[in-house]
Enquirer: 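Handing you this structure, nothing more for now.
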Amino acid sequence: MERKTKLEEIEALRGIAFLAVVLQHAIAGLFVQPDMSPLSVGLGTTFLGLIRFAVPLFVFITGVVLFYNYDRSFQYGRFLKRRGQQVVLPYLFWTVFYYIWVSLRSGDAVFSHWKDLLHVLELALTGKASYHLWFMVMIIPFYLLFPVFRQLLSGKRPAKVNLAVTLVFLAANLLLLEALRKGVFQSDQPILSTLYRYLDRNFLFWTFYFILGGLVGLYYERWKKAVYSLWGISLALTVLFLIYIGTNIAAINQGAAAGDYLTSANVTGPLKPLMLWATLAMLPFLFYGVQRLLTRPTKAGLALSLIGKYSFGAYLVHAFILRYTNLLALNYLGGLDVYAQTLISFILCACVSVGLCIGYRKMRDRWRKVQVGADRGMAG
């Protein structure tokens, strides 16, 4: 692969996406406490709608990076080997880790029967070892099918053709989401029923974000210039969507003695047409904000880039850490309101998750230096 210029904005956007994911999960763990007021639930789930861009942004970034880096030379075998080492193997490790962790917490025996191996295989194929691993089941097909996507989008074609392809995928995605909303994907047949049960991790429902990222990756400098013209409109639309979301959530909780988190949060479910449009509205402003932040070195910019650098590993480990930071908030910070509890749990989880990844990287690098030194000593 030809060495390309590093995309500084993308690293920082990864950091933002990771922080948004952690905050979503912190909200989900703490805003379901009994006797939550409708106002608290409404504010929490409205803010949740503002940060629902996280997973679409991760998929978008994957498309940007792949199409930017592999716009010319591409060796599928080497590509798969590298992704297998960097993505699939860590996913399998953490699938086993969460299986063991959950088994120990529930008091179940670990690998006491050969059928447990089949269970772990099922967990790996479905992403059910932990609530956040569904993302891995969804993202891996994009790597496997990348040669197909490279045939659909190509820098060798006119930009108008690639834009038309992207719009076709937008229309197809909207049709799929509308069919999902109307309950079309239901069946009594066992195979179809199983497939429909896991539609949230079916890559087809997320392909538009990947293709959009691919389009940006092919024309990255044009995109950066366009963002400077679009950010104002993007911000205005984001505010309007947020008002619309908040109004809908307030109507759900109106007159309720306690807030209904699950119903309120469902308004901004990731596989809803509303959130596709809302995410599209937010994207230029997010990118513009990162561009402005990185125009000169700042602590915030450096922090986001650092988080983005370790976001994959931190994403895999954060559900484990969040379990204990949420318990800390619930058991020892009961005197604080739910907003302070959530903020503290979120900050602790993000810092510890990224810190563990940094520590692991340093230990691995030191071990490699020791190995290299030992090899040279033996060779000498």
Enquirer: Are the aromatic rings of Phe67 and Phe146 close, with centres under 6.0 Å apart?
Expert: yes
Enquirer: Let me confirm one number: the SG-CG distance from Cys349 to Leu328, rounded to the nearest 0.5 Å.
Expert: 11.5 Å
Enquirer: Between Phe142 and Phe210 (judged by ring centroids, cut-off 6.0 Å), do the two rings come close enough to count as a pair?
Expert: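 For Phe142 and Phe210, the ring centres are under 6.0 Å apart.
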Enquirer: Do the rings of Phe74 and Tyr76 sit parallel, tilted or perpendicular, given the 30° and 60° boundaries?
Expert: tilted
Enquirer: Could you check whether Asn162 and Ser154, counting side-chain N and O atoms only, form a donor-acceptor pair closer than 3.5 Å?
Expert: no
Enquirer: Go through the steps for Tyr220 and Trp223 under the test ring pair (Phe, Tyr, Trp, His ring centres under 6.0 Å), then give the verdict.
Expert: CA-CA 5 Å; Tyr220 193 73; Trp223 164 255; 8.4 Å; no
Enquirer: If you compare all heavy atoms of Ala124 against all heavy atoms of Leu92, which two are closest, and at what distance to 0.1 Å?
Expert: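 Ala124 and Leu92 have their closest heavy atoms at CB-CD2, 4.0 Å.
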Enquirer: Give a yes-or-no answer on whether the side chains of Thr268 and Arg52 include a donor-acceptor pair shorter than 3.5 Å.
Expert: yes
Enquirer: Under 4.0 Å between a Lys/Arg side-chain N and an Asp/Glu carboxylate O for Glu11 and Lys309?
Expert: no
Enquirer: Would you give the length of the straight line joining atom OG1 of Thr126 to atom CH2 of Trp134, rounded to the nearest 0.5 angstrom?
Expert: 13.5 Å
Enquirer: Check this for me: Tyr332, atom OH, are more than 12 non-hydrogen atoms of other residues, nucleotides or ligands nearer than 6.0 Å?
Expert: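 No.
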Enquirer: Going by atom types alone, do Thr342 and Ser345 pair a side-chain donor with an acceptor below 3.5 Å?
Expert: no
Enquirer: To the nearest 0.5 Å, how far apart are OH in Tyr198 and CG in Leu125?
Expert: 10.0 Å
Enquirer: Between Thr45 and Ile249, what is the shortest heavy-atom contact and its length?
Expert: OG1-CG2, 3.4 Å
Enquirer: Let me see the working for Leu280 and Phe208 under side-chain contact (heavy atoms from CB on, under 4.5 Å), right down to the final yes or no.
Expert: CA-CA 11 Å; Leu280 280 179; Phe208 165 67; 3.8 Å; yes
Enquirer: State, with a plain yes or no, whether a side-chain heavy atom of Asn173 is found less than 4.5 Å away from one of Thr207.
Expert: no
Enquirer: Using the ring-ring contact (aromatic ring centres under 6.0 Å, His included) rule, collect all pairs that involve residues 168-187, keeping only residues at least two apart or in two chains.
Expert: Phe185-Tyr196, Phe185-Phe205
Enquirer: I'd like to know whether the aromatic ring centres of Tyr99 and Phe111 sit less than 6.0 Å apart in this structure.
Expert: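 They qualify: ring centres under 6.0 Å apart.
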Enquirer: About how many Å separate NZ of Lys128 and NE2 of His119, when rounded to the nearest 0.5 Å?
Expert: 8.0 Å
Enquirer: Is the distance between the ring centroids of Trp206 and Phe203 under 6.0 Å?
Expert: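 They do not qualify: ring centres at least 6.0 Å apart.
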Enquirer: Consider ring-ring contact (aromatic ring centres under 6.0 Å, His included). Of Phe18, Phe135, Tyr310, Phe320, which one does Tyr315 pass it with?
Expert: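 Exactly one pass, corresponding to Phe135.
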Enquirer: Can you see which heavy atom on Leu153 is nearest to which on Gly214, and at what distance?
Expert: CD1-C, 3.9 Å
Enquirer: Indicate whether the side chain of Arg292 and that of Tyr288 have a donor and an acceptor atom separated by less than 3.5 Å.
Expert: yes
Enquirer: How long is the span from the CZ atom in Phe287 to the NZ atom in Lys224, to the nearest 0.5 Å?
Expert: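 Here the interatomic distance stands at 6.5 Å.
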Enquirer: Tracing side-chain links under 4.5 Å among I, L, V, M, F, W and Y, which residues wind up in one group with Val168?
Expert: none
Enquirer: In this structure, which one of Arg323, His318, His132 forms a side-chain hydrogen bond (donor to acceptor under 3.5 Å, both in side chains) with His25?
Expert: His318
